[in-house]
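Here the structure comes first, spelled out in structure tokens, and everything after it is commentary.
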There are 4 protein chains.
Amino acid sequence: MSTPPNPLRRNESSRRAILEAALQLCAEDGYGRLTIEAIAAHAGVSKKTIYRWWPSKGAVILEAIDDMANLLADHVDTGNLAADLHTQLSAVIELLTPPNNSAITGLIAEALHDKDLANDLRERLIRPRITAFKERMRIAQASGQLAPDADLDVALDLIYGPIYHRLVFHLGMPDAEQLRTLIAHALRGIQPA
Amino acid sequence: MSTPPNPLRRNESSRRAILEAALQLCAEDGYGRLTIEAIAAHAGVSKKTIYRWWPSKGAVILEAIDDMANLLADHVDTGNLAADLHTQLSAVIELLTPPNNSAITGLIAEALHDKDLANDLRERLIRPRITAFKERMRIAQASGQLAPDADLDVALDLIYGPIYHRLVFHLGMPDAEQLRTLIAHALRGIQPA
Amino acid sequence: MSTPPNPLRRNESSRRAILEAALQLCAEDGYGRLTIEAIAAHAGVSKKTIYRWWPSKGAVILEAIDDMANLLADHVDTGNLAADLHTQLSAVIELLTPPNNSAITGLIAEALHDKDLANDLRERLIRPRITAFKERMRIAQASGQLAPDADLDVALDLIYGPIYHRLVFHLGMPDAEQLRTLIAHALRGIQPA
Amino acid sequence: MSTPPNPLRRNESSRRAILEAALQLCAEDGYGRLTIEAIAAHAGVSKKTIYRWWPSKGAVILEAIDDMANLLADHVDTGNLAADLHTQLSAVIELLTPPNNSAITGLIAEALHDKDLANDLRERLIRPRITAFKERMRIAQASGQLAPDADLDVALDLIYGPIYHRLVFHLGMPDAEQLRTLIAHALRGIQPA
DNA sequence: TCTTAAACGAGACGGTACGTCCGGTCTTATT
DNA sequence: AATAAGACCGGACGTACCGTCTCGTTTAAGA
């Protein structure tokens with residue numbers, strides 16, 4: 001009968017050492033070469049301690065990324081929708097471009113064949129950003145920059161889709177000018193018939 | 001001084017046994033559990049023979065997939081652009097949906113941290129389909145269903161992007177009706193200003 | 001920076017299983033066909049555990065042989081030197097004659113091109129027997145059966161030498177009668193000028 | 001039905017290249033690291049050619065050693081038996097001492113668990129030397145330096161035995177003075193009762 | 001002199017074992 | 001009770017050689 005570990009007893013400094021070691025090693029050697037063994041050694045922690053609190057190295061990285069506050073300046077509102085989307089998407093692209101991308105693309109890769117990790121990734125990292133995106137879009141609707149009956153799910157697809165399409169096939173990220181064009185076309189597409 | 005193996009001496013029946021074993025094992029146990037060891041055993045082949053001709057298990061799967069002709073009914077032309085895109089995207093979605101997706105999503109995942117594999121994947125599998133897509137779009141331009149000066153790169157982004165965005169974050173693939181809506185909006189977005 | 005494993009943590013039952021498996025497999029298939037892989041499998045132990053504690057299969061066999069107590073009834077003293085030597089040498093010949101000889105001759109063979117193993121073999125197995133031999137000879141000197149100033153190193157050479165000469169060139173071991181003759185001549189040779 | 005290779009067709013220059021490569025590689029890396037693969041590559045010869053003419057790497061080395069004429073100045077006769085034995089044994093010791101010993105001790109080691117090789121080694125290399133030794137001893141008997149009824153098999157044992165005893169247990173070879181002493185004692189032992 | 005069958009170099013092949021790495025579990029001693 | 005340390009079993013890694021097996025290409029015999 002295995003009892004789940006008691007969170008009250010958890011050693012916070014170990015936790016932080018683990019997350020920092022994970023991110024650092026990931027940046028140094030890439031996600032593919034990252035091992036629980038190395039994280040433990042580098043954090044001065046026993047492997048058991050990692051396995052007690054996380055089910056996989058993906059989960060460690062996920063929590064490490066989640067822990068870094070303000071990864072994205074989330075959907076600021078300067079009043080200009082296209083400009084704000086440009087700001088936001090530039091930040092996302094930055095995160096997905098070498099040499100900053102190892103942890104995140106590694107996580108995405110792992111999630112592609114780990115259903116549990118995929119759920120965690122979506123619910124903890126992505127869902128809140130989708131919500132923030134939609135809120136920004138609703139403000140745009142309120143201010144008349146976007147049709148009041150525009151489909152925000154379609155908006156999400158058209159605006160973020162291109163980036164991930166390019167990511168998975170290494171098609172190259174858009175530069176600032178291309179991004180502007182892309183956003184303009186996407187916004188046009190969103191308008192209802 | 002390592003010379004590359006001589007392709008003339010290659011044993012075609014071994015090659016085929018390897019590719020078939022790889023696909024079968026991938027379908028059975030998933031890409032993550034696929035090992036060179038198992039492929040070799042299942043194909044009745046020595047590991048050395050696999051390592052002689054492929055640099056990684058990803059490369060094996062890539063060639064296996066590439067070998068299957070007519071994976072996609074590539075961009076048929078019935079005269080109706082939206083309908084043809086719907087047909088084509090449905091086929092792509094089918095390939096990316098369980099239980100058929102293990103090999104392909106596994107390959108995509110691996111390519112996310114293997115630059116060489118990523119290049120091979122793009123050039124051998126993706127690039128030809130992009131070309132086919134653009135040809136179909138040019139026909140649509142010629143027939144007046146699409147503006148003659150529509151940006152086909154943007155088209156690619158807006159039409160295929162949503163699928164891969166949903167794939168990487170497990171957001172659920174669109175059903176037939178949602179797909180229709182998506183295509184309609186994307187096509188509207190493509191039209192130049 | 002590799003630290004040697006901590007002997008306090010060693011699993012004694014694994015150690016014994018390994019040594020027993022090694023001896024058994026050696027007896028079954030011969031030293032030449034003995035593999036670390038098979039020892040591990042047969043002992044229900046991971047290869048890593050073997051490599052952690054022994055540098056080579058020779059070292060495993062050496063420890064296994066060393067572990068068997070009373071391999072030789074070491075130089076009994078019945079008061080009759082020639083008879084006692086005959087007893088002792090017969091036992092040695094027995095060990096070096098099929099089907100009992102696989103482990104020991106295998107070890108000797110390996111030691112011929114592994115200096116470290118050779119040192120271990122000499123110091124752990126052979127040196128104590130040389131000491132015991134010399135002690136028996138000193139008793140013989142005390143009792144007047146051997147000249148008090150006989151050179152015991154020469155004695156060792158003349159008495160044990162023939163056996164190993166015959167071993168390495170497969171010249172056939174002496175039978176009881178030949179052995180008696182050999183000992184008689186060797187003892188005569190030992191007497192100082 | 002495999003026919004044995006036709007010796008008339010044999011390529012002598014390949015044969016020599018193989019034997020030379022074998023000896024050279026053996027001297028460089030030691031018998032243990034010697035491989036058929038490396039011999040073939042180094043001799044510019046296909047592996048098949050080696051396997052066609054020799055059953056094992058031991059057999060190659062044996063032939064290579066056998067090919068070197070005058071390995072030993074075989075039992076010269078200066079009229080002084082002890083001195084001649086000293087000359088002869090010194091030459092043997094030289095062959096068994098680093099850095100010249102790799103091929104020969106390797107061969108001895110291999111013969112310890114390869115019965116066929118052991119027979120070849122004995123009959124091709126050792127037996128002729130034993131014969132030569134006995135002839136020299138018979139001359140000594142004729143000249144009165146040795147008892148006419150001395151047992152020459154015992155002589156062989158007492159004179160050569162010590163060297164191989166020391167070899168197999170790495171007990172150190174005798175220096176010139178020790179060797180003189182050893183021969184003196186052995187000769188004394190040989191005299192019949 | 002011209003076959004023609006062998007020996008040959010090259011090296012791919014199915015295997016077996018190597019020695020290493022890491023995953024995930026478990027034990028021991030410490031805090 | 002959670003931890004650091006680290007031994008343990010398992011299993012896959014990628015490599016090295018084994019001995020066998022085609023492939024063409026010499027090459028030397030005997031017709």
Side-chain angles (χ1 to χ4, degrees), chain A residues 2-3 5-11 13-14 17 33-41 43-53 55-57, chain B residues 3 5-11 13-15 17 33-41 43-53 55-57, chain C residues 3 5-11 13-15 33-41 43-53 55-57, chain D residues 2-11 13-15 33-41 43-53 55-57:
Chain A
S2 77
T3 34
N6 178 350
L8 297 181
R9 290 290 189 111
R10 185 165 188 178
N11 184 331
S13 73
S14 289
R33 298 198 200 293
L34 183 64
T35 64
I36 298 278
E37 202 101 17
I39 296 173
V45 138
S46 123
K47 284 199 289 175
K48 181 85 189 202
T49 301
I50 298 183
Y51 284 112
R52 193 172 359 247
W53 300 108
S56 68
K57 76 168 175 173
Chain B
T3 33
N6 180 349
L8 297 180
R9 292 287 180 89
R10 187 165 187 177
N11 184 331
S13 73
S14 289
R15 180 182 158 275
R33 299 197 201 295
L34 183 65
T35 65
I36 298 277
E37 200 102 18
I39 296 173
V45 139
S46 95
K47 285 198 288 175
K48 181 76 197 224
T49 299
I50 299 182
Y51 285 112
R52 185 161 19 234
W53 301 108
S56 65
K57 74 170 177 172
Chain C
T3 33
N6 179 352
L8 297 181
R9 291 287 181 88
R10 187 165 188 177
N11 184 331
S13 73
S14 289
R15 181 182 159 273
R33 298 197 202 295
L34 183 64
T35 65
I36 298 278
E37 200 101 19
I39 297 173
V45 139
S46 97
K47 285 199 288 176
K48 179 78 194 220
T49 299
I50 298 181
Y51 285 112
R52 182 159 26 232
W53 300 108
S56 67
K57 75 169 177 173
Chain D
S2 76
T3 34
N6 180 351
L8 297 181
R9 291 288 190 100
R10 185 166 189 178
N11 183 333
S13 73
S14 288
R15 180 181 160 276
R33 300 198 199 295
L34 183 65
T35 66
I36 299 278
E37 203 101 19
I39 296 173
V45 138
S46 125
K47 285 198 290 175
K48 182 88 189 201
T49 300
I50 299 182
Y51 284 112
R52 187 164 14 238
W53 300 107
S56 67
K57 76 167 177 174

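Note on naming: letters A, B, ... go to the chains in the order of the sequence lines (proteins, then strands), and numbering restarts at 1 for each one. Predicted, not measured: the structure shown is a model, and the values here were computed from it.
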D:S46 versus D:A40, closest heavy-atom pair with distance: C-CB, 4.2 Å
Under-4.0 Å side-chain N/O to phosphate OP1/OP2 contact, D:W53 with E:dC8: yes
Side chain of C:R9 (C-beta onward), nearest among F:dA7, E:dC13, E:dC8: F:dA7
Side chain of C:K47 (C-beta onward), nearest among F:dA5, F:dG10, E:dG19: E:dG19
Nearest-angstrom distance from the residue atom CZ of A:R52 to C1' of F:dA4: 10 Å
Closest to side chain of A:K48, choosing from E:dC26, E:dG23, F:dC17: E:dC26
For atom CD1 of C:I50 and atom C1' of F:dA7, their distance in whole Å: 14 Å
Pairwise 5' ranking along DNA chain E for A:K57 and B:V45, keeping only the more 5' one: B:V45
Heavy-atom pair with the smallest gap, counting every atom of C:A38 and C:T35: N-OG1, 3.0 Å
Whichever of D:R10 and B:A43 has its nearest DNA chain E nucleotide further upstream toward 5': D:R10
A:Y51 OH - E:dT27 P separation (whole Å): 17 Å
Close side-chain approach of C:W53 and C:R10, heavy atoms under 4.5 Å: yes
Nearest-neighbour nucleotide for the D:N11 side chain, E:dG19, E:dC8, F:dG14 considered: E:dC8
Nearest non-hydrogen partners of B:S56 and B:I36, listed with the distance: C-CD1, 4.5 Å
For atom CD1 of C:I39 and atom P of F:dC9, their distance in whole Å: 14 Å
Nucleotide nearest B:S14 (side chain, heavy atoms from C-beta), chosen from E:dT20, F:dT3, E:dC13: E:dC13
Whole angstrom value for the distance that separates P of E:dG14 from CZ of B:R15: 14 Å
Closest listed nucleotide, where the reference is the side chain of C:E37 and the choices are E:dA17, E:dC13, F:dT15: E:dA17
Nearest-0.5 Å distance, CZ of residue B:R52 to CD1 of residue B:I50: 11.0 Å
Earlier contact from the 5' end, DNA chain F, for B:I36 and C:T49: C:T49
